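Scroll down for the structure; my scribbles are underneath it.
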There are 2 protein chains.
Amino acid sequence: MPELSTIFAALGDPTRFAIVERLIRDGEQPAGELLDAGPVSAPAISRHLKVLRKAGIVTQRVDRQRRIYAVRPEAVQSIGAWTMSHREFWQGSLDRLELALQQESERK
Amino acid sequence: MPELSTIFAALGDPTRFAIVERLIRDGEQPAGELLDAGPVSAPAISRHLKVLRKAGIVTQRVDRQRRIYAVRPEAVQSIGAWTMSHREFWQGSLDRLELALQQESERK
DNA sequence: CAGTTATTTAATGTTTTTGTTAATTAACGA
DNA sequence: TCGTTAATTAACAAAAACATTAAATAACTG
């Protein structure tokens, strides 16, 4: 599995992020169906898919003339694992913020 | 709060990712202390911090001559929220994988 | 086989990103 | 005030990212 920063870099492009969201929401799809994921040409989509594949975010499956792409659950899970590994950091801070806001409202 | 793909793009650079991990692990730090987060010069670090600030990932606080940086918990949390919003997708798939592996081992 | 469909690769140009050194800004301390 | 410390901005160069059109590849279909 590639480095996390490689995964983040791949998702950092708006078109690629849109592709990934569509594949998660609607399930696997051929490259051609992903053309409306951004205002770009077919070759552009093709290369975005290549970046996503290199980052380990999507898989490619061949079906007749079509290449069908799907998101690898492990990729999304690895992002989740990272945020969870820092859970105490952000959760703790947000809890304190929530508490502060609550106390403030009680003073009114 | 900036777009998620902006946050991902910011974390997509290895040096910036290292900076963020250090700030989460060790807490807020002045720019100068972050020099060993990557094999780069002080101006380079300064500009990486600017990118992180624009993406809403870090805050800057002034203390005497120093600029002290810290990670915004909300930024990490927003990534966590995204992965959680797709939890059924990756968790379901991984559960099925786990089950399949388990059944396979039982057949042996 | 010829034509169509689906997708990728090639060639090319533009824009963005990233890094460096040098200069600037600003605050501290003897 | 002068020199030091801390960090940023300026100027510039190199590399990477991203887009397009044209060409290539490959499999289906009449």
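Protein chains get the first letters and strands the later ones, always in sequence-line order, with residue 1 at the start of each. The figures here come from the full heavy-atom set of this structure, side chains too, leaving out hydrogens, waters and symmetry mates. The model shown is predicted, which means the values in this text are computed figures rather than measured ones.
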| task | Please check if atom CD in B:E3 has more than 12 non-hydrogen atoms from other residues, nucleotides or ligands closer than 6.0 Å. | result | no
So, OP1 or OP2 of [N]: does either fall under 4.0 Å of a side-chain N or O from [X]?
X     : N      : value
A:Y69 : C:dA6  : no
A:K50 : C:dT7  : no
B:S41 : C:dT20 : yes

| field | Test side-chain contact (heavy atoms from CB on, under 4.5 Å) applied to B:I19 and B:Y69, step by step | value | CA-CA 10 Å; B:I19 289 173; B:Y69 291 88; over 6 Å; no
What integer distance in Å separates [X]:[atom1] from [N]:[atom2]?
X     : N      : atom1 : atom2 : result
B:Q65 : C:dC28 : CD    : C1'   : 5 Å
B:K54 : C:dT17 : NZ    : P     : 9 Å
B:I45 : D:dT8  : CD1   : C1'   : 13 Å
B:H48 : D:dT8  : NE2   : C1'   : 15 Å
A:R16 : D:dA17 : CZ    : C1'   : 8 Å
B:R67 : C:dT24 : CZ    : C1'   : 12 Å
A:R61 : C:dA6  : CZ    : C1'   : 15 Å
B:I68 : D:dT5  : CD1   : P     : 18 Å

| said: Categorize A:Q60 for me: base, sugar-phosphate, or nothing, with a 4.0 angstrom heavy-atom threshold over every strand shown. | reply: sugar-phosphate
| field | Pairwise distance CZ(B:R66) to CD(B:E33) - rounded to 0.5 angstrom | value | 8.0 Å
Nucleotide nearest [X] when distance is taken to its side chain, options [options]:
X     : options               : result
B:S46 : C:dG19, D:dT20, D:dT9 : D:dT9
A:D13 : D:dC18, D:dT8, C:dG19 : D:dC18
B:A31 : C:dT18, D:dA7, C:dT8  : D:dA7
A:R47 : C:dT8, D:dT8, C:dT9   : C:dT9
B:R66 : D:dA19, C:dT20, D:dA7 : D:dA7
B:T15 : D:dT8, C:dG19, C:dT8  : C:dG19
A:P30 : C:dT7, C:dT21, C:dT18 : C:dT7

| said: Looking only at side-chain N and O atoms, does B:Q77 offer a donor or acceptor that is under 3.5 Å from a partner on B:W82? | reply: no
| B:Q91 and B:H86: side chain donor to acceptor below 3.5 Å | no
| request: Please figure out whether B:E33 or A:G12 has its closest DNA chain D nucleotide nearer the 5' end. | output: B:E33
